[in-house]
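A short worksheet on the structure shown next.
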There are 2 protein chains.
Amino acid sequence: MVHDPIVEDGIASGARRERRDAAAHRQRILAVARDLFAHAGVAAVTMHQIARAAGIGQGTLYRRYANKGDLCRDLMHEHHERFIIELRAYVAEAYSAPALTKLTEVIERMLHFVNDSMALLETVVTTAILDMDCNEGSALTDGPPMRHEWFQAQQNLLEGLLREAVADGEIAPLDVAYTADLLLSAMNPLSLHYQQAERGYSLERIAAGLRHIFITGVHGPGATNPATAQQG
Amino acid sequence: MVHDPIVEDGIASGARRERRDAAAHRQRILAVARDLFAHAGVAAVTMHQIARAAGIGQGTLYRRYANKGDLCRDLMHEHHERFIIELRAYVAEAYSAPALTKLTEVIERMLHFVNDSMALLETVVTTAILDMDCNEGSALTDGPPMRHEWFQAQQNLLEGLLREAVADGEIAPLDVAYTADLLLSAMNPLSLHYQQAERGYSLERIAAGLRHIFITGVHGPGATNPATAQQG
DNA sequence: ATTATAAACGGACAGTTGTCCACTTGTCAA
DNA sequence: TTGACAAGTGGACAACTGTCCGTTTATAAT
């Protein structure tokens with residue numbers, strides 16, 4: 001959605017409402033894209049194919065979606081929204097559990113979420129990367145949040161849990177924001193794909209590895225822990 | 001280097017030697033590319049431009065370099081090689097220091113290395129990503145090490161230090177291979193760029209964050225550490 | 001020298017992405 | 001109803017990537 005002025009099939013908010021035929025096109029585009037993707041794989045389908053299959057011009061397609069990643073994002077919109085809501089619900093209902101327990105579960109779920117929608121998410125992330133080095137210099141100047149709301153939501157969730165863990169003394173004080181970023185980059189679709197496809201790690205192994213570093217800690221119970229005391 | 005059959009301007013190893021004019025072209029290509037990159041930024045320069053500026057055909061350029069990332073890799077070859085050698089030298093000469101101390105230093109240096117050659121490395125990584133989703137299904141079938149030797153060298157270094165740290169009881173036993181991967185993905189040029197440009201983290205902050213997670217551990221000295229003991 | 005041959009060459013070409021713009025059409029207000 | 005106008009439309013276009021293939025040329029063997 002290159003810039004949706006209307007609120008999800010709702011009423012116009014001052015601006016003109018989305019034209020009915022346009023709304024129909026949007027649905028057709030999504031349906032057609034879903035089909036093509038399922039058939040040939042996300043990476044193999046081109047924007048031109050999608051436009052032609054949907055019976056519209058390329059310009060029309062691009063008017064709605066700036067690129068394939070944008071389209072994929074819309075395709076996953078509901079799915080992702082549901083995921084985040086469930087995640088928040090879990091955290092809320094498990095409020096009495098230790099923060100680290102909740103964090104473990106959240107990481108596990110995020111991992112599976114990414115894994116389940118790998119192909120679409122990879123496309124989303126890839127196009128985001130490609131955009132990045134075009135905007136190069138102007139990154140800081142032209143707008144606050146380039147990071148998409150999706151990741152922001154996940155970031156917030158992780159930050160909240162980390163903060164809670166620190167406040168409750170479950171872990172030592174740390175840079176909550178950066179650590180959340182670190183977690184997200186570890187669960188990045190591209191990293192995950194690479195680790196599974198090229199390095200042969202199972203999802204369980206990855207989950208265990210993350211758990212060990214971010215939850216258990218490198219100094220597990222029983223380690224001698226001479227760290228930071230440097231002896232020449 | 002799409003597949004260099006000869007040994008770095010040395011003698012032919014059974015196969016024919018690289019033709020002299022070809023060798024000259026290679027130098028010219030590298031020089032021209034370096035210039036153009038310095039002038040306009042790596043991302044903005046096209047392969048066509050490079051070919052034209054070097055006075056050769058596009059086919060000739062592509063014969064030597066499969067893509068821009070490949071070219072960038074060659075451009076950084078010596079630099080990177082020197083870096084790895086220095087790193088190995090450091091580790092060797094500090095052999096009596098605790099493994100975690102060495103790991104800290106190595107991480108710090110890798111971070112700076114990536115940071116110093118960001119633009120080129122980003123291109124290398126980006127093209128690697130793009131290749132990835134073309135080869136899709138055949139990832140596991142067609143060859144053992146898609147990961148480039150560069151990363152393999154870094155991976156080995158990190159694995160060695162982690163193994164040493166475990167053996168010496170500095171940290172609890174862990175999945176050494178995956179943890180090294182995790183570290184590398186945290187120091188990935190793209191992640192690093194994003195974290196600096198979009199999130200505004202300084203390199204020092206990133207280094208500190210990594211140190212805290214991977215060296216100090218989430219349970220720093222003084223943390224109560226009730227972890228893993230879940231109290232529903 | 002001559003010749004065979006594989007390497008190297010370079011430009012045309014096909015496939016993609018994303019932009020542009022002249023044209024059409026739905027929507028709202030009068 | 002009508003008319004104005006913004007939203008929507010679609011296809012041509014430009015730019016880039018990477019491949020293909022007929023031609024040239026350096027090298028080594030004769």
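Below, chains carry the letters A, B, ... as their sequence lines are ordered, and counting in each starts from 1.
Note: CG (N67(B)) to C1' (dT19(D)) measures 13 Å, nearest angstrom. For R52(A) and dG10(D), the CZ to C1' distance is 14 Å, given to the nearest whole Å. The distance between atom NE2 of H48(B) and atom P of dC13(C), rounded to the nearest whole Å, is 15 Å. One can place CG of L61(B) at 13 Å from C1' of dG11(C), the figure rounded to the nearest angstrom. The nearest whole Å value for the distance from the CD atom in Q58(B) to the C1' atom in dA8(C) is 16 Å. With rounding to whole Å, Y62(A) atom OH is found 14 Å from dG10(D) atom C1'. As a whole-Å value, the separation of I129(B) CD1 from dT17(D) C1' is 17 Å. With rounding to whole Å, I50(A) atom CD1 is found 15 Å from dG10(D) atom P.
Distances shown here put every side-chain N or O of T60(B) at or beyond 4.0 Å from the OP1 or OP2 atom of dA8(C). Within the 4.0 Å cut-off from OP1 or OP2 of dT9(D), at least one side-chain nitrogen or oxygen of H25(A) is found. Within the structure, a side-chain polar atom (N or O) of R64(B) is placed less than 4.0 Å from OP1 or OP2 of dC9(C).
Remark: of the listed residues N156(A), D181(A), N188(A), V125(A), V125(A) is the sole one forming a side-chain contact (heavy atoms from CB on, under 4.5 Å) with F151(A).
Here the side chain of I56(A) is nearest to one of dC16(D), dG10(D), dT17(C), namely dG10(D). If you check dT19(C), dT17(D), dA7(D) against the side chain of R63(A), the one that comes closest is dA7(D). With distances taken from any side-chain atom of Q49(A) to the nucleotides dT16(C), dC16(D), dG11(D), the minimum falls on dT16(C).
The shortest non-hydrogen separation linking A33(A) to L75(A) is CB-CD2, 4.3 Å.
Here R82(B) does not pair with E86(B) in a salt bridge; the nearest charged N to carboxylate O distance is not below 4.0 Å.
Centroid-to-centroid, the aromatic rings of F113(B) and H79(B) come within less than 6.0 Å.
For R109(A) and Y90(A), the positive end sits near the middle of the six-membered ring, less than 6.0 Å away and at most 45° from its axis.
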